[in-house]
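Below is one structure; the comments refer to it alone.
If you're wondering where the values come from, they're calculated on a predicted model, not measured in any experiment.
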Amino acid sequence: MVHQETTPKPVGQSHDITKITGKRLLYTYENGWLYELYVKNSTTIDYRIYSGPVAKRWVKNQKVNIQLFAGNLFKISWCEPTGTAVTLCINLDARQHHGVIYFPRWVHLNASKTALFQNHHLLEMRRLRDSGPTYPIDVVNEFAELILVDDVGVDKEDVISMSPTEFAPTVERLCKKANLPHILAHFGEKWGSRDPINLVGKHLGFTYRNGWQHELYVRTASSIDYRIRSRLGSTWHSSDDQDASISRLIGPNRYIVSWTDVSSGISTSLTLDVDRLELHGVHFLPQWILTNIEELQLSLSSTAESGHRIVSSSPNSSENSVTDSRDAGNTYPLHHVVESTSFSLVEDCEG
């Protein structure tokens with residue numbers, strides 16, 4: 001085992017996002033979903049969806065958080081009136097885009113109900129959201145390749161001003177010009193390996209400026225152990241052998257780890273730069289967490305650390321307690337937390 005203690009240093013969330021504001025992006029996911037995103041300004045996006053389960057959906061003036069991380073990764077995240085939460089990681093230089101979408105259960109079951117111009121149906125979207133069901137959250141983790149990057153300027157209302165159906169002929173011409181079939185046939189080949197194997201076995205610790213402490217152990221290429229507490233000396237909430245989506249980004253030792261904690265309903269996406277010992281975290285917290293933090297802490301009344309792993313002594317009853325609190329409490333609106341920090345602990349652990 002290689003153990004490295006580091007002194008956490010503040011990692012400023014860069015507001016130098018001028019290279020992406022005013023950009024219109026057209027991109028295709030590896031699964032064939034086609035999206036268009038306009039970064040209208042530093043806090044607002046418009047978008048249209050042309051294919052996939054929510055094809056024909058379009059939205060104007062969605063409020064977002066945009067940060068620049070690790071020099072060239074633009075992180076855009078937001079919560080929607082439907083209850084869906086989204087995090088995007090965009091590398092304009094490599095034309096690489098990575099998206100994580102957290103669909104509440106009702107959207108997963110009835111995606112077609114959101115395939116409309118959302119701005120004219122906000123009350124209906126919130127009604128459907130609150131009617132549920134919410135859980136389990138469906139986590140979609142996909143890479144996309146940028147087909148078009150067009151600098152159209154900020155605060156332009158005519159960039160996205162018609163439905164995906166109306167604009168489809170123009171998009172078809174753009175896709176034909178970019179040779180979309182070739183892009184899909186050779187998707188991501190220029191990026192190199194996206195296998196996260198080099199992250200497996202890592203045990204990482206970090207603390208946010210608000211005092212919340214986190215530990216992450218990457219158990220396999222698709223599962224993690226994770227624990228969190230609100231302050232030094234408080235009880236840990238632990239999630240062991242949690243299913244997670246883990247992907248390697250272009251560049252040395254950069255990864256995205258995303259999951260939804262089954263018991264609490266907290267959705268998380270971490271962007272890691274292991275060489276720089278920095279990370280960018282996006283967390284979507286249900287409302288009940290904010291008023292009943294002690295219930296979250298009850299999920300792990302006692303812990304034991306077996307070597308490098310994070311393990312709980314008897315998680316079942318405590319997990320049930322947290323799930324009961326989750327189901328009894330309010331989920332929406334989600335509390336959207338964005339933080340950047342450095343690692344305070346890095347361990348390479350044998351299997």
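Between the side chains of Ser193 and Asp195, no donor-acceptor pair of N or O atoms lies under 3.5 Å. For the residue pair Glu189/His186, the side-chain donor-acceptor check at 3.5 Å is satisfied. The closest side-chain donor-acceptor pair between Ser263 and Asp261 falls under 3.5 angstrom. The closest side-chain donor-acceptor pair between Tyr332 and Asn330, if any, does not fall under 3.5 angstrom. Judged purely by distance below 3.5 Å, without hydrogens or angles, the side chains of Tyr226 and Glu215 never pair a donor atom with an acceptor atom. Under 3.5 Å, the side chains of Thr21 and Thr18 contain no donor-acceptor pair of N or O atoms. In summary, the side chains of Ser161 and Asp158 do not present any donor paired with an acceptor at a separation below 3.5 Å, with no hydrogens or angles considered. Between Asp273 and His280, the side chains place no donor N or O within less than 3.5 Å of an acceptor N or O (distance only, hydrogens not considered). A donor-acceptor contact closer than 3.5 angstrom is absent between the side chains of His98 and Tyr29. There is no side-chain donor-acceptor pair under 3.5 Å between Asn65 and Ser77. Using modelled atom types, one finds a donor on one side chain and an acceptor on the other under 3.5 Å when comparing Ser247 with Asn141.
Residues Trp259 and Asp243 form no side-chain contact, since every pair of their non-hydrogen atoms from C-beta on lies 4.5 Å or further apart. At a threshold of 4.5 Å between non-hydrogen side-chain atoms, the residues Asp241 and Ile224 do not count as touching. Counting heavy atoms from C-beta on, the side chains of Lys23 and Val149 come closer than 4.5 Å. Asn91 is listed as a side-chain neighbour of Ile250, based on a closest heavy-atom distance under 4.5 Å. With a 4.5 Å cut-off on side-chain heavy atoms, Ser258 and Leu270 do not count as touching. Val86 has its side chain out of reach of Val64: every pair of non-hydrogen atoms, C-beta onward, lies at least 4.5 Å apart.
For Lys19, the NZ atom sits in a loose shell: 12 or fewer heavy atoms of surrounding residues, nucleotides or ligands are nearer than 6.0 Å. For Lys56, the NZ atom sits in a loose shell: 12 or fewer heavy atoms of surrounding residues, nucleotides or ligands are nearer than 6.0 Å.
With Phe167 as the aromatic partner, Arg48 meets the cation-pi criteria of under 6.0 angstrom to the ring centre and within 45 degrees of the ring axis.
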Could you walk me through whether Thr165 and Ser163 pass side-chain hydrogen bond (donor to acceptor under 3.5 Å, both in side chains), step by step? CA-CA 5 Å; Thr165 300; Ser163 72; 4.5 Å; no
Yes or no on ring pair (Phe, Tyr, Trp, His ring centres under 6.0 Å) for His108 and Phe103, after CA distance, side-chain angles and deciding distance? CA-CA 6 Å; His108 176 75; Phe103 287 118; 7.8 Å; no
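The residues Glu347 and Lys202 are annotated as not salt-bridged, no charged nitrogen and carboxylate oxygen being separated by less than 4.0 angstrom.
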